[in-house]
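Written below as C-alpha cells is the structure these notes are about.
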Number of protein chains: 2
Amino acid sequence: MEGKHATAEEVARAAGVSQSAVSRAFTPGASISAPLRARVNAAADALGYRPNAIARSLITSRSRIVGVVAAYLHNHFYPSVLEALSRELQARGHQILLLTADMAQGADATLDTLLRYRVDAVILASVTLSSRLAQACRAAGIPVLLFNRTTRAPGVASVTGENRIGGRAIARHFVALGRRRAAFIAGVEDSSTSRERERGFLEGLAEAGLALHGRQVGGYRYDGAAEATRQLLRQRHPPDAIFAANDHMAIAAMGVVRHDCGLDVPGDLALAGFDDTEPAAWPDIALTSYAQPAGEMARRAAEALLSMLDRPALTVRRQVVAGRLIIRGSSQAA
Amino acid sequence: MEGKHATAEEVARAAGVSQSAVSRAFTPGASISAPLRARVNAAADALGYRPNAIARSLITSRSRIVGVVAAYLHNHFYPSVLEALSRELQARGHQILLLTADMAQGADATLDTLLRYRVDAVILASVTLSSRLAQACRAAGIPVLLFNRTTRAPGVASVTGENRIGGRAIARHFVALGRRRAAFIAGVEDSSTSRERERGFLEGLAEAGLALHGRQVGGYRYDGAAEATRQLLRQRHPPDAIFAANDHMAIAAMGVVRHDCGLDVPGDLALAGFDDTEPAAWPDIALTSYAQPAGEMARRAAEALLSMLDRPALTVRRQVVAGRLIIRGSSQAA
DNA sequence: CTGAAAGCGCTTACAG
DNA sequence: CTGAAAGCGCTTACAG
C-alpha cells in the first residue's frame with residue numbers, strides 16, 4: 001500500500017512545471033497548452049495522482065455532493081429511486097451523501113450533517129421530517145427538492161407522481177368492476193402524497209355517486225397496514241375493494257385478506273396500491289397499481305436541482321411526472 | 001435565506017476570542033475552559049455557526065466519510081443492509097458516500113470517485129467489480145471491507161453470513177422432506193457467496209447419498225433466475241426441490257413454477273432461498289430461507305472498519321455472522 | 001488554558 | 001499560455 005496520496009505539488013515537481021499548471025490540467029476548460037497538459041498527465045499517471053476533491057471543495061465552495069435523506073427503505077419504491085438518483089447525479093458529476101433519518105437520528109442531527117458537509121443541494125425522500133428539514137435548508141440557502149411529496153412552503157421544488165389522477169383512476173377502475181363498497185388505507189395523515197391520492201380516490205367514487213365505505217391509517221408501514229386491514233374487515237359490511245396509498249401497504253393488506261381472513265382476491269375483495277414497485281409484478285402478488293416511474297422522476301429531480309445550483313434565481317418548480325394504471329390479478333381475474 | 005455560512009473567524013470576532021478558541025470549543029477533548037467555551041457557544045448559536053467538515057477534513061486528512069459501493073438494489077437484502085449500515089456508521093460519527101456501480105459506471109470511475117473524495121474506508125457490497133476494487137483500494141492504502149462476499153486477496157476484511165452452513169441446512173431440510181431430485185440455481189459463477197452456498201448444499205445432499213439433480217446460473221437477477229427455472233423444469237425428470245442462491249432468485253423461480261408451469265409448491269416442488277428478506281415472510285410468498293441478519297452484519301462491518309482506521313496495523317478479519325433456517329410454506333405445507 | 005501562526009491541497013485572479 | 005501568490009476554513013504544535 002502506497003499510503004499517502006500524491007499532491008499537485010509533487011506532480012508539478014516531477015513534471016518540472018508549476019503547481020498551477022497541474023491544477024489547470026485537471027480543470028475542464030482551463031487554459032493550458034496541449035504539450036504542457038501532456039507532461040502533467042504523464043507525471044500524474046506515474047504518481048497515481050488524483051485531485052483532492054476535499055481541497056477543491058474548500059476553495060470553490062462547491063462540494064459536488066448532494067445530500068439525499070431517505071427513510072424506511074423497506075418500501076421497495078425507494079431502493080429504485082436511490083439507484084436512479086445515484087445514476088443521474090453521477091452522470092452529472094455529483095455524488096450522494098446518504099442520510100437515513102429515523103426517530104433516533106432526528107431532523108436536527110440530519111440538518112447538522114447536511115450543513116457541516118456543505119452539501120450543494122438536498123433531496124428529501126423521507127415521509128417524516130421533510131417539511132421541517134426543507135424549511136431549515138432553505139433558511140441556510142441550500143437548494144432543496146422534495147421527492148414524492150410536496151409542501152406549501154415557498155422556494156421548495158418537488159417532483160411527484162400523479163397522485164390525484166392516480167387515485168381517481170383507481171376509483172374509476174373499482175367502479176367499472178362493479179364494486180360499491182370501496183375503502184381507503186391512508187399513509188401518514190399529514191403527508192401531501194397520501195392526501196392527494198385520497199382526494200382523487202374520493203372524487204372518482206363521487207362520480208359514480210359513491211362515498212368512501214371505510215378508512216384507516218396504515219402509516220406507510222407493513223404492520224400498520226395489516227392492522228388497518230383487519231379493522232376494515234371487522235366492519236358489519238366489510239368493503240369489497242381496498243385502495244392502499246402505496247404498494248407496500250397494499251401487499252400487507254393482501255396478506256391479511258387472503259391468509260388471515262381466507263377471502264378471495266379479487267373475488268371477494270379487489271385490491272390496488274400505488275407506485276408499481278417490482279413486487280407488484282410478481283405473479284404471486286399480481287397487484288393492481290398506479291405506476292410512478294422512479295427513473296424518470298429521478299432524472300427530473302437531478303436536472304431540476306442542479307439547474308438551481310447554476311441559476312439560484314431560477315423559479316422553483318413543482319413537477320408532476322405522468323404514470324399509468326397497471327391492472328393485475330388483485331382487482332381483475334385473468 | 002442567509003446565503004453564506006458563518007466561519008470560525010466570524011464567531012471569534014463576535015465572541016471576542018481567538019479563532020483557535022472557536023475551533024477548540026468544537027473539538028471534543030480540546031483544552032478549553034468552561035467560561036471560554038460558553039462565550040464561544042453563545043456567539044456560535046447567534047450566528048448559526050457549524051464547523052465546515054470539508055475544511056476539517058483537509059487539515060486532519062480524515063473525511064469521516066465511508067464509501068459504500070452497492071449495485072442492484074432490487075434485491076431487497078441490500079436496502080436493509082444500507083439502512084443498517086447508515087445507522088451504524090452515523091452512530092459512530094461517519095457518513096456514507098453512496099456509489100452505485102453498474103456496467104456503465106465501471107470500476108475505474110468508482111475507484112476514481114472514492115479516491116478523489118478521500119473516503120476513510122470503503123464497504124463493497126456489489127457482486128461485480130468487488131475484487132478489483134478491493135485490490136485497488138488496498139493499493140491506495142484505504143481500509144476495505146467486503147460485505148456479503150469474500151476474497152482470497154490478503155488485507156481485505158469481510159463480513160458474510162453462514163453460506164456453507166446455510167447451504168447444507170437447506171439440503172438436509174430437502175432430504176428430510178423426502179426430496180430426491182434437488183437442483184441449484186447459482187448466482188454469479190465467480191461469486192464466493194454463491195460458490196459457498198452451493199458447496200454446503202452439495203455436502204448436505206452427499207450426506208444422504210444424493211447428487212445435484214440440476215444446476216443453472218441465474219446471475220442473481222430476477223429474469224436470469226426465471227429463465228434458469230424454465231431450463232430446470234424442461235428436463236426429462238424435473239427436480240422436486242430447488243435451492244436458489246438468494247431469495248430474490250427464489251421468488252422469480254416461484255413465479256415460474258406456479259404460474260408458468262402450474263405446479264404446486266411445495267407439493268410438486270419445494271423451494272428455498274437465502275437471506276430471509278422481507279418478501280420471504282409475506283404470506284403469498286412464504287419462502288423458506290436461510291436468514292442473514294443484515295442489522296448484525298452491518299454492526300460488525302461498521303465496527304471492524306472503523307477500528308481498522310484507528311489501528312492500521314490491526315489484523316484484518318473475516319467475520320461470519322450466524323443465521324438460521326426459516327421454514328415456510330414453500331417447502332413444507334402448514 | 002489561550003493566542004499567533006503555519007499549513008492541509010487545491011483554484012484563480014493577477015501579471016507577464 | 002504560464003507562474004507566483006493569495007486564500008478557502010479549519011486544526012494543532014508552539015510559546016506563553
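As the structure is a computational prediction, the values presented were derived from the model and not from experiment.
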**Report entry** Range on DNA chain D touched by chain B - first to last nucleotide, heavy-atom distance under 4.0 Å
**Finding:** D:dG9 to D:dA13

Report summary line: Separation between CZ (B:R64) and CG (B:L89), nearest 0.5 Å, reads 11.0 Å

Query - B:R24 or A:T7, whichever maps to the more 5' nucleotide of DNA chain C - result: B:R24

Query raised in the report: Is the backbone N or O of A:I32 less than 3.5 Å from a side-chain atom of A:R37, with the two atoms forming a donor-acceptor pair by type?
Result: no

Query raised in the report: At what distance, to the nearest 0.5 angstrom, does CD1 of B:I123 lie from CZ of B:F147?
Result: 7.5 Å

Report summary line: Between the CZ atom in A:R118 and the CG atom in A:L58, the distance rounded to the nearest 0.5 Å is 10.0 Å

Query - Dot-bracket notation for DNA chain D, counting Watson-Crick and G-U pairs under 3.5 Å, with | for partners on another strand - result: |||.||||||||.|||

Query raised in the report: Looking for any heavy atom pair under 4.0 Å, which part of the strands does A:T60 touch: base, sugar-phosphate only, or nothing?
Result: sugar-phosphate

Query raised in the report: Would B:R299 and B:E296 pass as an ion pair if we require N to O under 4.0 Å?
Result: yes

Requested in this report: Identify whether any heavy atom of B:I54 sits under 4.0 Å from a base atom; if not, whether one sits that close to sugar-phosphate; answer base, sugar-phosphate or nothing.
Outcome: nothing

Report task. Could you identify which residues of residues 13-20 of chain A place a heavy atom less than 4.0 Å from some atom of DNA chain C, listed by residue number, or say none? Result -> A:Q19, A:S20

Query raised in the report: How are the rings of B:F26 and B:Y49 set to each other: parallel, tilted or perpendicular (split at 30° and 60°)?
Result: perpendicular

Report task. Quick one: pull up CZ in B:R149 and CG in B:L124 and give me the separation to the nearest 0.5 Å. Result -> 8.0 Å

Query raised in the report: Looking for any heavy atom pair under 4.0 Å, which part of the strands does A:S23 touch: base, sugar-phosphate only, or nothing?
Result: base

Requested in this report: Check every strand shown and say whether B:L58 touches a base, only sugar-phosphate, or nothing at a heavy-atom separation below 4.0 Å.
Outcome: base

Query raised in the report: Looking across every strand, which nucleic acid part, if any, lies under 4.0 Å from A:S31 by heavy atom: base, sugar-phosphate, or nothing?
Result: base

Report task. With DNA chain D as reference, determine whether A:R118 or A:R37 sits nearer its 5' end, using the nearest nucleotide of each. Result -> A:R37

Query raised in the report: Would A:S63 and A:S57 count as having a side-chain donor-acceptor pair, cut-off 3.5 Å?
Result: no

Query - Single hit among B:L305, B:I65, B:D120, B:V119 for side chain to side chain contact (heavy atoms under 4.5 Å, CB included) with B:H94 - result: B:D120

Query - Interatomic distance, A:R317 atom CZ to A:S158 atom OG [nearest 0.5 angstrom] - result: 10.0 Å

Query raised in the report: Under 4.0 Å between a Lys/Arg side-chain N and an Asp/Glu carboxylate O for A:R300 and A:E88?
Result: no

Report summary line: Of B:I59 and B:L36, the one whose nearest nucleotide on DNA chain C sits closer to the 5' end is B:L36

Report task. Give B:Y49 one of three labels, base, sugar-phosphate or nothing, depending on what nucleic acid heavy atoms sit under 4.0 Å from its own. Result -> sugar-phosphate

